[in-house]
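Here is the structure we will look at, set down as structure tokens.
So that the names make sense, note that chain A is the first sequence line, chain B the second, and so on, each numbered from 1.
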Amino acid sequence: TDISLRRHEYPEFVKIVEVGPRDGLQNEKEIVPTGVKIQLIDMLSGTGLHVIEATSFVSSKWVPQMADHTEVLRGIQRAPHVQYPVLTPNLQGFQDAVAAGATEVAVFGSASETFSKKNINCSIDESMLRFEEVINTAKEQQIPVRGYVSCALGCPHEGHIEPSKVAEVAKKLYEMGCYEISLGDTIGVGTPGSMFKMLQCVMKEVPADALAVHCHDTYGQALPNILTALQMGVCVVDSAVAGLGGCPYAQGSSGNVSTEDVLYMLHGMGIETGVNLAKVVEAGDFICNALCRKTNSKVAKARGRTL
Amino acid sequence: MGNVPTTVKHCLSYEQLIQDYPWLRRWLLQEKEIVPTGVKIQLIDMLSGTGLHVIEATSFVSSKWVPQMADHTEVLRGIQRAPHVQYPVLTPNLQGFQDAVAAGATEVAVFGSASETFSKKNINCSIDESMLRFEEVINTAKEQQIPVRGYVSCALGCPHEGHIEPSKVAEVAKKLYEMGCYEISLGDTIGVGTPGSMFKMLQCVMKEVPADALAVHCHDTYGQALPNILTALQMGVCVVDSAVAGLGGCPYAQGSSGNVSTEDVLYMLHGMGIETGVNLAKVVEAGDFICNALCRKTNSKVAKARGRTL
């Protein structure tokens, strides 16, 4: 699949996975009141988004921002045809999530051994065993599981990550039963060059229609990286309203790519998403006011001067 | 990466926003600071040491309209010209051209528009009338073997007219090219373009002007500059305009960014294995310098991330 052949061939439809309420808020300095989180998710539920990652069932010792996971999941007004996946790092988290009403979960692996050890206190292989428990239990209950692979284009500790390692971890999660694998450029260092090489490798093991990209915009590369992924046949993109969530590895820098900016690009290319950009901008305005911060979205900043 | 070019020339223009537009004069008159001549010269000298091949130095427009560029002659005379670096200057008309040559200019640029309304509101004449002015400049420049670069603004949209037909962009680009401009820079003046509109516009323009005579000048107001540049590269364009630290805001979207940051463009190109000859770290230094001098933060995400490259 030479990229020159695929250039300017894009999917007709791209699914946006909105990670603002979880990945975004988890990485914000301020702890957000439960009511604000619920209101944000409810606003997002009215935008046309198909998937809104609601919260994370991790120990509140590790992630105090997500301590109210049960109240959030129980408090939101679920829109029909919208999925509300939650992170479940282990079986305990999974069981708590299901008890709170979760109907989709996600597990979070890494392509970097060092990142895995420093962040979830176990090796990649050990984490896979934990996830296998979650996935098997979820299968019995017909609960779909999404898999994440972090550090897909680089690691803050190890630096370069071999595309073959990303492919190996993605394949493992896929074969264990994850319906979709989201490949994350955790520190935003990727470029169309590294995105292309990584996806070329991963696609030998996992079909394109089971892949998503989760690009961080720390170096401003998220949109060209997403464009590259689309040209290679990926049609699921993770993003966060208002670009919520900073980068813990580059103080003051941005993290998640903004949903608004992604939508602007996709719609400008004639790609359907089903999402109403103006309503996402409203939700972004709401959460930024609540957080007393400015949006990271350039589109929101330009205040809708679209033509 | 398929047919993406292996080398990309950078045309750096940190004063690109500064043109002789009445609205800009009004806007600038509200600005507290006019950048001191010495600071401009120091910035250009720093940029001259980064490997950049082209650094747009100043603009020979009337200081009534653009007071920021009133020191054009001192700037052009004050810089230390690096070998193998071009220092084009804007020359909106014959008078400006003659002043520029007298000050030592060896390359000039003319600035047209694909939008009739934008042309009238900003340089007080129609597109056709502007072409007559530029023709004078180009013909005189030819006699003196001075290359002329042509710009086409509003290539992907106009703040007044909205949508701009790709055929109009092609028509204006063709005119400038046939008159003798060696390169035509197509500008997304308000940053509204996307890979979709960039593709359609370039497809049209490339029927009239060869790809190797084209450049793209993308604004990042809606965050679309880098994907737009990537699209252009994939279509065979290999010249990209950008501004160190993403200097220059957008007068049509208060508080928004304008020019794409040179640092962010370089990061992308180098990550793709594309040669530019430019040292990113040195551009970051130049950006730090000018941002300190202007008491402002950089618009470059790469500079902000402070070189945590792998």
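- For the set B:G196, B:G191, B:P195, the entry with the most heavy-atom pairs within less than 4.5 Å of chain A is B:P195.
- No other option in A:Q221, A:M195, A:H267 has as many heavy-atom pairs under 4.5 Å with chain B as A:Q221.
- Residue B:Q234 holds its CD atom at 6.5 Å from OG1 of A:T228, rounded to the nearest 0.5 Å.
- At a 4.5 Å heavy-atom cutoff, the contact between B:D220 and chain A is made by backbone and side-chain atoms alike.
- Here the straight-line distance linking atom OH of A:Y219 with atom CG of B:D264 works out to 11.0 Å at 0.5 Å rounding.
- In A:K279, the NZ atom is not crowded: 12 or fewer heavy atoms of neighbouring residues, nucleotides or ligands sit closer than 6.0 Å.
- Residue pairs meeting the ring-ring contact (aromatic ring centres under 6.0 Å, His included) criterion with at least one member in residues 190-211 of chain B, sequence neighbours excluded: A:H8-B:F199.
- Looking only at side-chain heavy atoms (C-beta outward), B:L226 and A:L223 stay at 4.5 Å or farther from each other.
- Between the A:Y264 side chain and the B:V192 main chain, a donor and an acceptor come within less than 3.5 Å of each other.
- Interface remark: B:S300 contributes no atoms to any contact with chain A (heavy atom separation under 4.5 Å).
- For the atom pair OG1 (B:T194) and CE (A:M269), the distance works out to 7.0 Å, reported to the nearest 0.5 Å.
- In this model, no donor atom of one side chain and acceptor atom of the other lie less than 3.5 Å apart for A:K298 and B:T221.
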